[in-house]
Amino acid sequence: MTISTPRVGVITFPGSLDDRDALRAVETMGGEGVALWHADHDLRGVDAVVLPGGFSYGDYLRCGAIAGHAPILDDVRSFAERGGPVLGICNGFQILCEAGLLPGALIRNASLRFVCVDVFCRVETSQTPVTSELVAGEVVQIPVKHGEGQYVATAEQLRRIEDEGLVVFRYVEAGGDVSESANPNGSVDNIAGVCNGAGNVVGLMPHPEHAVDPDVGPTGGQPLFASLLTSALAGASA
Amino acid sequence: MSSVEEPRHRRLGLTDDEYERTRTTLGRDPRPAELAMYAAMWSEHCSYKSSKIHLRTLPTEGASVLVGPGQDAGAVDVGDGMAAVFKMESHSHPSAIEPYQGAATGVGGIVRDIVSMGARPVALLDPLMFGPLTDARNRWLLEGVVAGIGGYGNCIGVPTVGGEIRFAEPHTANPTVDVMCVGLADADELVTGASLTPHVGSLMVLYGATTGRDGIGGVSVLASATLGDGSEQARPSVQIGDPFAEKLLIEASLELIARGLLEGLQDLGGAGITCAVSESAARAGMGARLDLDAVPLREPGMEASEILTSESQERMLSIVHPSALEEVRAVCERWGLQIAVIAELVEGGGLTVTHHGEVVAEVPAASLADEAPVYDRPREAPAARPDAVDDPALLPFEGDLLDALRAVVSAPNVASKRWVWRQYDSLVQGQTVAGAGSDAAVVRLPGTMRALALSTDGKGRYGALDPYLGAMHAVAEAARNVAVTGARPLAITNCLNFGDPERPVVMWQFAESIRGLRDACLALETPVTGGNVSFYNESGDSAIWPTPVVGMVGLLEDYRLRVPSGFPQAGLAVYLIGETFPELGGSEFAEAVLGLVDGEPPALDLERERALQALLIEAASADVLSSAHDCGDGGLAIALVESAIEGGHGFAVTIASDLPDHVALFSESASRAVVGVAPEHEAAFVALADSLGVPASRLGETGGPRIVFAGMFETTVSELSAVHESAIPRLLGEAV
Amino acid sequence: MRCTFEVLVTLKPGLADPQGKAVEASLPAIGFSNVSDVHVGRHVRLDVEAPTEGEARDQVEEIARRLLSNPVIEDFRVLEPAEAEGPA
Amino acid sequence: MRCTFEVLVTLKPGLADPQGKAVEASLPAIGFSNVSDVHVGRHVRLDVEAPTEGEARDQVEEIARRLLSNPVIEDFRVLEPAEAEGPA
Ligand SMILES: Nc1ncnc2c1ncn2[C@@H]1O[C@H](COP(=O)(O)OP(=O)(O)O)[C@@H](O)[C@H]1O
Ligand SMILES: [Mg+2]
């Protein structure tokens with residue numbers, strides 16, 4: 001077999017907004033974007049799954065709560081159990097937390113306001129499908145845009161998250177230092193993204209799909225998608 | 001307390017004459033439901049009865065215009081077979097009562113207008129006016145309106161890329177909340193009255209949200225009369241926006257159109273079902289049989305007149321051939337939307353409405369939609385104020401120039417609005433080359449090198465002093481904001497915000513403003529493709545400033561040639577293009593430093609303006625400009641300082657002028673811009689300016705952390721940037 | 001004395017309730033088709049220090065009216081207080 | 001029978017509560033310096049159709065656990081039902 005193009009599925013839930021953007025980012029970075037639908041029990045044989053940003057079900061009740069019960073989540077869960085790479089961006093992160101695939105939860109920003117701004121994120125581990133082409137300590141610039149991005153967890157959960165090295169990204173200054181002013185939403189310990197115990201399911205609040213095209217934003221999302229495509233390809237050929 | 005009951009028609013907002021007119025049309029007394037329908041459709045908001053004769057004088061034709069006024073939105077040709085569909089609308093009245101929901105539902109309404117043309121909404125802009133932030137209620141209104149616009153716009157996936165905010169005492173009781181939406185469609189797939197042919201027997205299908213008692217009387221009471229004290233009873237219930245439902249409505253509607261399943265599409269806005277059904281039928285030259293029992297209701301026990309005039313949000317009405325009905329149902333259900341067949345098109349022009357199996361209305365559809373009365377209301381120029389100051393430029397100024405600059409930089413009108421636009425998603429859809437913070441937002445046309453350049457501008461302070469000039473300036477500034485990015489202005493939409501049209505002074509302001517819009521649009525070749533009139537923005541006898549807000553759409557042939565507003569690097573030559581005259585009337589300096597809103601606004605020579613814009617556009621396409629920023633509020637000094645703050649590079653300039661320093665710095669003479677030119681392009685740029693007859697004065701150079709006005713004063717970029725950024729948060733009581 | 005109060009803030013009847021609607025619509029998918037009339041509001045819990053429970057309650061009512069609810073679109077109701085133990 | 005239930009969803013103690021904090025911070029400005037420990041949660045009201053009140057209540061508990069609350073950060077409590085009149 002010749003080298004194939006990795007196929008990355010992007011799930012559209014009712015109220016998903018950045019689904020087209022995620023598909024475009026996958027294609028910009030050389031992958032094949034595959035549109036998936038929340039109500040189908042079908043991942044169409046993709047090599048990686050992205051849960052995009054937006055306001056699924058209006059984010060009514062709690063963000064991600066209703067989408068966390070969508071039929072396709074069963075398939076995402078078994079895909080993840082088999083080790084398939086799964087990336088939740090913003091609302092997708094919230095959905096993965098609500099569905100119990102990631103630890104912790106996201107609540108309203110400390111400011112109680114929506115915030116749209118470019119932030120810097122420090123990579124805390126390269127042992128995930130979206131950071132495999134980065135090294136820990138590297139800083140990438142990516143925008144956030146959310147009203148409910150404050151990462152919280154109980155003290156006990158937090159200990160586990162830190163002990164097991166499940167933090168994938170932290171909000172930092174451009175130079176890489178953790179600070180209060182670098183934190184756009186009040187997240188505990190400046191956590192911007194986490195992974196599951198196995199490391200193959202990652203969620204983050206910043207939007208890497210809005211950071212691949214230099215004409216419309218920063219480019220810190222490129223290595224994340226490059227990593228995801230590499231991981232997807234590895235999974236596909238495995 | 002009045003003991004005599006007002007007759008029903010008056011309570012609904014119809015005059016005695018208008019009531020007689022309904023009797024003449026029908027040849028009998030109208031039934032209660034009919035009266036409610038006429039009251040809604042003949043309201044000022046729906047019928048434009050006071051503004052129509054004036055609006056007719058606006059220029060509406062031009063090479064790029066695909067759809068002019070009269071449809072849900074206008075459209076211009078933006079190349080490659082694409083159309084930009086755009087319109088602006090106000091939701092000021094509801095926002096004054098409940099700012100979050102009022103603004104949110106305002107976004108929802110204008111977005112549906114764009115969708116009903118078959119276009120995908122791609123950008124929102126929100127021009128706003130409030131009273132001063134020193135007043136707690138104004139702060140509450142601002143915070144609520146901004147949160148509402150963000151809460152709705154962010155949730156439907158349409159980026160909010162620009163807007164403006166101005167503050168003035170007369171807007172204290174009546175904030176102005178306008179929202180502009182821009183959409184994209186294939187030019188040959190636009191949904192207009194002319195593009196689709198409904199058939200007799202085709203069905204009117206209502207889809208989206210259920211119908212409740214929301215906003216009943218919204219158009220006839222709230223937006224078409226001045227509410228006095230104790231008017232709580234008259235107020236319709238507040239509409240709660242459901243942006244999630246709107247998002248589904250957008251996707252379902254665009255899919256229905258793409259699949260060719262529709263014979264017509266209309267949003268439900270003011271006057272609800274009555275408006276949508278009567279206009280759709282009248283447009284098709286037909287009548288309709290409407291069955292109110294088929295309308296899905298949110299509340300039990302609604303009367304026919306309530307169902308007919310409910311303004312429940314997030315609903316659309318489509319015309320569907322019976323053979324396509326099941327497919328329409330399937331598309332809507334996939335998006336989680338319920339549909340209901342509520343009417344059928346019939347021959348003749350009659351609209352028959354049944355409720356509980358009985359006929360409750362039988363009227364000619366066109367009498368509702370097209371035959372409202374038209375008024376030429378009396379106009380009267382206000383008497384000259386005895387204490388008026390002729391010309392603030394003649395007043396002596398002995399203060400410190402740097403302090404004056406700080407005062408203007410931190411004046412709420414000039415200060416950074418980052419606090420506002422940080423709350424808006426400007427990135428979704430991935431086409432935003434320049435969002436808020438740029439003179440005009442620049443949004444790419446997917447799959448092409450082209451981009452739209454979008455700006456909204458209102459010049460309330462100038463309008464208060466001279467409504468004719470104020471309106472002209474609004475058009476000129478909007479066009480200039482588009483031109484500084486390198487884009488060619490194509491056409492405008494507008495929202496005309498005024499007081500009570502039954503007062504001759506207000507009607508005079510309105511007529512003068514229209515005259516100004518007309519003259520400027522003709523000269524700048526930017527026809528009017530549509531708009532919205534918001535009257536009755538007053539309380540007691542104090543009206544808002546007459547404020548026509550202009551929404552300009554321009555086209556950039558190659559977005560990579562977009563010119564930024566900030567100085568991008570050191571070592572650029574700084575030029576002022578255009579000429580400075582002693583014009584401080586209605587200026588930011590006069591208000592912020594002298595405490596005066598007085599004098600004559602700056603003159604506007606439309607020929608100079610054209611030349612200036614031609615220079616900006618040609619220089620951009622020749623790629624000889626590194627930055628360009630128009631001189632607007634606060635004049636040359638502010639244009640320079642903003643260019644430095646935005647780009648992060650300081651400058652040293654010498655302002656050589658015969659004018660007193662403060663006048664040279666802060667005069668708001670029109671038709672000027674500050675540009676940054678790389679040394680290797682200076683000769684070409686100067687030659688181009690010469691050939692177009694635009695004066696270009698070399699003021700100095702960019703570079704370093706300092707801001708130097710040689711012979712006057714100096715400071716740093718970071719100092720003024722902090723002043724500029726912190727002003728609004730400080731007024732809102734936030735730690736900065 | 002210090003009393004703990006709970007305040008429920010609900011949308012006025014008749015107003016559209018998008019949140020309630022969305023929750024209601026999602027219930028059948030997780031196996032509940034027998035639920036209707038879902039409405040989502042806020043719950044606020046707060047401690048008030050006042051000489052008597054009556055005064056504390058009056059203050060809570062005022063706080064609920066002025067700050068916790070938006071009287072244009074919402075109603076509120078104060079639950080019976082569960083008196084908290086001990087001194088402030 | 002058809003029963004109306006009310007469910008209160010509250011944040012687990014110790015977690016950040018930005019809304020509660022904001023309410024608490026703005027109280028002194030309107031004259032209340034005697035209020036503390038403010039927490040903002042959700043209130044959900046719903047009607048359930050079931051053979052008995054007990055069954056209805058069990059279902060509400062399940063809905064609250066699975067959908068209305070997020071067990072990672074929230075607790076819930078079902079108020080005593082105010083039974084609705086008449087048939088469905
Ligand atoms: N309400 C708003 N919403 C979004 N952007 C805004 C708003 N108010 C101001 N802005 C942005 O702030 C910048 C400065 O606005 P303004 O001073 O009105 O510009 P100009 O004077 O060039 O018309 C612009 O980019 C504008 O789009
Ligand atoms: Mg400008």
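Only heavy atoms go into these numbers, but all of them, side chains included; no hydrogens, no water, no symmetry mates. Lettering follows sequence order; numbering is per chain, from 1.
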Heavy-atom pairs under 4.5 Å with chain A: which of [options] has the most?
options	result
B/K247, B/Q429, B/R562	B/Q429
B/G430, B/A147, B/A245, B/S426	B/G430
B/V428, B/V442, B/T432, B/V433	B/V428

Applying a strict 4.5 Å limit to non-hydrogen atoms, the region of B/L427 in contact with chain A is both

Answer yes or no for B/R730 and B/W419: cation-pi contact, defined as NZ/CZ to six-membered ring centre under 6.0 Å and angle to ring axis within 45°. no

Go through it in stages, so that I can follow the logic: the residues are B/F244 and A/Y57, the test is ring pair (Phe, Tyr, Trp, His ring centres under 6.0 Å), and I'd like the CA-CA distance, side-chain angles, deciding distance and then a yes or no. CA-CA 6 Å; B/F244 172 57; A/Y57 297 94; 5.5 Å; yes

Looking at chain B, which one of A/R113, A/H207, A/R20, A/E209 has the largest number of heavy-atom pairs inside 4.5 Å, strictly under? A/R113

Side chain A/Q150, main chain A/R108, donor-acceptor under 3.5 Å: yes

Main-chain N/O of B/V331 paired to B/R259 side chain as donor or acceptor, under 3.5 Å: no

Part of [X] within contact of chain B (heavy atom distance under 4.5 Å):
X	answer
A/V117	side chain
A/S111	neither
A/D215	both

Under 6.0 Å between ring centres: does that hold for B/Y424 and A/F114? no

Do B/E246 and B/Y152 have a side chain donor and acceptor closer than 3.5 Å? yes

